[in-house]
Each structure stands twice: as C-alpha cells, then as structure tokens.
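The block underneath contains the structure these notes are about, expressed in structure tokens.
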Number of protein chains: 2
Amino acid sequence: MAIRTDALTRREQILKEAARLFAERGFHGVGVDEIGAAVGISGPGLYRHFAGKDAMLAELLVGISEQLLTGGKRRAAEAAGNPEAVLDSLVEGHIDFALDDRPLITLHDRELDRLRDSDRKLVRQLQRQYVELWVEVVREVYPDLAEPGARAAVHAVFGLLNSTPHLGRPGSLPGRAGTAALLHRMARGAFEAAAVSAPG
Amino acid sequence: MAIRTDALTRREQILKEAARLFAERGFHGVGVDEIGAAVGISGPGLYRHFAGKDAMLAELLVGISEQLLTGGKRRAAEAAGNPEAVLDSLVEGHIDFALDDRPLITLHDRELDRLRDSDRKLVRQLQRQYVELWVEVVREVYPDLAEPGARAAVHAVFGLLNSTPHLGRPGSLPGRAGTAALLHRMARGAFEAAAVSAPG
DNA sequence: TCACTTTGTTAATGAGCGTTAACCGTTTCC
DNA sequence: GGAAACGGTTAACGCTCATTAACAAAGTGA
C-alpha cells in the first residue's frame with residue numbers, strides 16, 4: 001500500500017469533478033456520462049469505483065460533514081479555555097472551507113434530501129453536532145444570548161459565510177485574504193448584534 | 001372578467017404547490033404528476049394552464065425577482081433622503097419575504113440554471129438591479145465602504161437573511177416577530193462590522 | 001507462462017418522465 | 001339551444017438516463 005503524496009486517486013478525481021458538476025447543475029441535472037467524461041473515462045466506467053451515482057453524493061456529503069466537524073473539534077480543543085479565540089478559530093475554519101471548496105459548501109445544504117435514509121441521518125447528525133459546537137461557544141462568548149436565539153444566530157452566520165459561491169469570480173473582491181477578513185468581521189459583528197438586548 | 005378577492009386561481013394554486021415541491025426536492029426531483037396531485041388534478045392536466053414544467057419554474061423565478069425589485073424600489077422611494085431608514089426598510093422587506101415565502105427564497109438562488117437562456121438573463125438582470133439598489137444605499141450609510149466590499153457585504157447579508165429555511169419549524173424560535181428582529185439586528189451588525197476599517 | 005485482478009469499453013435493458021393525442025362533460029354566450 | 005371555450009381525463013409516445021452485461025486489454029504475482 002503505497003503512500004500517495006501529490007497525485008489524486010481516480011476515486012478522488014471522480015469525487016472532485018462530481019462535486020463541481022453537482023454544485024453547478026444539481027444532482028439530478030448531471031448524468032453519469034458527464035461525470036465520466038470529466039475525468040476522461042466514459043459513463044459506466046464509474047461503476048468500477050462507486051456503487052452508483054447516489055454513492056458518490058453520499059460520500060461527498062458525509063465527507064464534508066465529517067471534515068467540518070473534526071476540524072471544528074480540533075480548533076475548539078486547541079484554544080480551549082478561551083471562548084473568544086475558539087469562536088474566531090471556528091469562523092476562520094469555516095471561511096477557509098467556504099472559500100477553498102465552494103462546490104462542496106454549495107452541495108452541503110442543497111442536495112441533502114437526495115440521500116438514502118441512513119446516509120441522510122448520518123449527515124444530519126454530524127451537522128447537528130457541528131452546530132452544537134458553535135452554539136456552545138457562542139453562548140460562552142455572549143452569555144446574554146439564550147439558546148434558541150444562539151442557534152438561530154449560528155444558522156444565520158452559516159448563511160452569511162456560505163454566501164461565497166454568489167460572489168462573482170473575477171477581481172471584484174480584494175483578494176482571498178481581504179474577502180476572508182471581511183467575512184470574519186461581518187460574522188463577528190452579526191453575533192455581537194444578535195446578543196444586544198437579546199430577547200430570545 | 002370577475003375580480004378575485006380571496007380564493008386562488010387554479011394557476012396560482014399550481015404555482016404555489018410547484019414552488020413548495022421544487023424547494024423541497026429540486027426541480028428535477030419533482031414530477032408533473034406530483035404537482036398535479038398536489039392541486040387535485042393529475043399529470044397532464046397542468047398543460048391546460050402552463051406550456052410545460054419549465055414555464056412554471058420560469059414564472060416563479062421571474063415573479064420572485066420582480067417582486068423583490070419593485071418592493072425594494074418602493075421602499076427606497078418612500079424613505080428617500082434618509083439612507084438609514086431606507087436600509088432598515090430594505091432589510092425589513094427582505095426578511096418579510098424570506099419568512100413568508102420560504103420556498104420561493106430557496107428557489108431563488110438554487111434553480112436559476114434550469115431556465116431557458118432568455119428567462120435566465122431576465123432573472124439575472126432583475127437580481128442585479130436589486131443588488132444594485134442595496135449597494136447604493138449601503139454605500140450612503142457607510143461611506144467608508146468601497147464598492148467591491150459593499151457588494152460582497154450585500155451578498156453576505158442576503159445569505160444571512162435567506163438562512164431562514166434552515167431554522168427548524170417548531171417553537172425553537174421566539175416567534176415570527178422575534179426572529180425578524182433578530183435577523184434585522186444581525187444584518188445591521190454585519191454591515192456595521194463590514195464598514196469598520198474597511199480595506200476593500 | 002498463466003491465471004487473476006484491475007480498469008476500461010460498448011451495447012442492451014428497463015424504468016421514469018415530460019409531453020402529446022384523443023376524448024368528454026360543463027359553462028358561457030350569441 | 002347550440003357551439004365554442006374551458007378544464008379535465010386516460011393512454012400512448014419517445015427520450016433520457018442509471019444500471020447491468022459482455023467483453024477486452026494491461027498489469028501483477030506465483
């Protein structure tokens with residue numbers, strides 16, 4: 001079992017292209033022939049690597065959810081004891097993910113309902129844990145914010161951070177670093193405002 | 001030609017149910033038989049009211065975009081001369097729309113690519129004008145914010161406001177009014193933070 | 001060398017689905 | 001009162017598309 005360092009496995013190529021295509025035209029809008037063509041093989045050749053089209057989507061969504069959750073947990077552990085730092089780190093991590101893997105972030109909340117029941121349950125559970133991680137930290141940083149309000153605020157900030165796919169590609173932004181900084185400031189500002197005179 | 005006051009036209013029933021179904025399972029994930037069943041007729045009966053499935057989606061998306069734009073223009077005119085008030089009114093209008101027409105807000109940025117070229121161009125143009133309306137007002141309220149940053153901030157706030165579909169239905173929120181107020185505060189807080197030491 | 005695995009290929013299958021055809025009862029209106 | 005318009009119905013068509021079958025070529029290892 002050789003250790004890969006640079007090149008992508010065929011499986012990984014397929015997943016990457018499938019993610020891009022699914023994000024662009026939706027799960028049902030993309031044919032297997034198209035996915036195959038994107039990696040240089042054609043149509044049914046994909047079935048040597050995946051059980052079916054559904055399996056590709058499942059692996060993508062489970063992978064995303066796991067990556068977000070484990071990354072979030074790691075960051076929470078690294079800055080444990082300093083809620084402000086944890087929140088900043090969570091925001092930073094989510095922004096990195098949103099900026100570096102736009103197709104995946106799009107899929108993440110768009111195509112969940114196309115999964116088999118078991119896969120969907122798994123993804124939802126992972127997502128729930130990720131949200132919970134954020135909610136706990138947010139409530140430590142902003143004790144005035146009650147739990148329902150904190151939960152809603154977290155979802156709203158996810159919406160804010162996940163808006164990057166809608167930001168036109170070309171030089172309309174001050175570069176990656178500037179965009180990341182802008183989103184970070186906005187996220188923190190949104191939380192701050194959520195906590196002011198919080199009734200919920 | 002009688003004037004309707006309360007009941008929905010068959011056409012309107014169909015559009016409403018189609019919007020809900022499209023939002024739930026995606027355009028390609030819903031069959032015409034299903035849409036028909038949702039309004040009590042079956043399958044091909046829809047073709048007495050629409051040229052095809054595409055036409056329903058087109059009418060929905062164009063309608064949404066027009067509604068948002070005309071509503072925004074009206075609000076901008078009503079509070080003209082007072083940028084703060086205009087921005088608050090725009091935020092309020094967008095929140096009302098997001099809370100009252102969740103399916104539509106979901107469709108709005110999800111299924112645009114399924115449209116015929118001409119329809120897609122029209123929708124995009126309407127969306128662009130709506131964004132422009134916001135950008136102008138935001139720049140009046142926060143003169144420190146340069147245009148690219150303002151544009152990105154507006155998109156991000158749209159993402160924040162459009163997050164309502166992800167907020168679980170039951171009593172997890174402090175009611176409609178509370179949710180609206182929370183989102184409003186967060187949107188303003190996000191803009192405020194975007195403008196602080198704005199490099200872009 | 002020869003069997004086996006791996007990774008493709010093209011052709012066939014079969015289901016699902018948008019759309020059209022053909023037909024029918026009811027309203028509306030001259 | 002009769003004819004068109006309206007708004008349905010079911011059956012059939014045709015296309016797309018995921019999946020499977022059947023087959024082949026290249027590597028791999030005993």
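The sequence lines fix the lettering, A, B, ..., with proteins before strands; numbering per chain opens at 1. Everything quoted here is computed from the prediction, not taken from an experiment.
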Query raised in the report: Ion pair present between B/E78 and B/R74, side-chain N to carboxylate O less than 4.0 angstrom?
Result: yes
Query raised in the report: Do NZ/NE/NH1/NH2 and the carboxylate oxygens of B/D96 and B/R176 come within less than 4.0 Å?
Result: yes
Query raised in the report: side-chain contact (heavy atoms from CB on, under 4.5 Å) with B/E24: which residues, sequence neighbours excluded?
Result: B/R20, B/L21
Query raised in the report: With A/T179, which residues qualify under side-chain contact (heavy atoms from CB on, under 4.5 Å), at least two apart?
Result: A/L99, A/L167, A/L173, A/P174, A/L183
Requested in this report: Give a yes/no answer on whether the side chain of B/H49 brings an N or O atom under 4.0 Å of OP1 or OP2 in D/dG8.
Outcome: yes
Report task. Tell me whether the OP1 or OP2 atom of C/dG8 has a side-chain N or O from A/R10 closer than 4.0 Å. Result -> yes
Query raised in the report: What string of B, S and - do you get for nucleotides 9-25 of chain C, 5' to 3', when a contact is any protein heavy atom under 4.0 Å?
Result: BBB------SBB-BB--
**Report entry** A/H49 and A/E12, any side-chain heavy atoms less than 4.5 Å apart
**Finding:** no
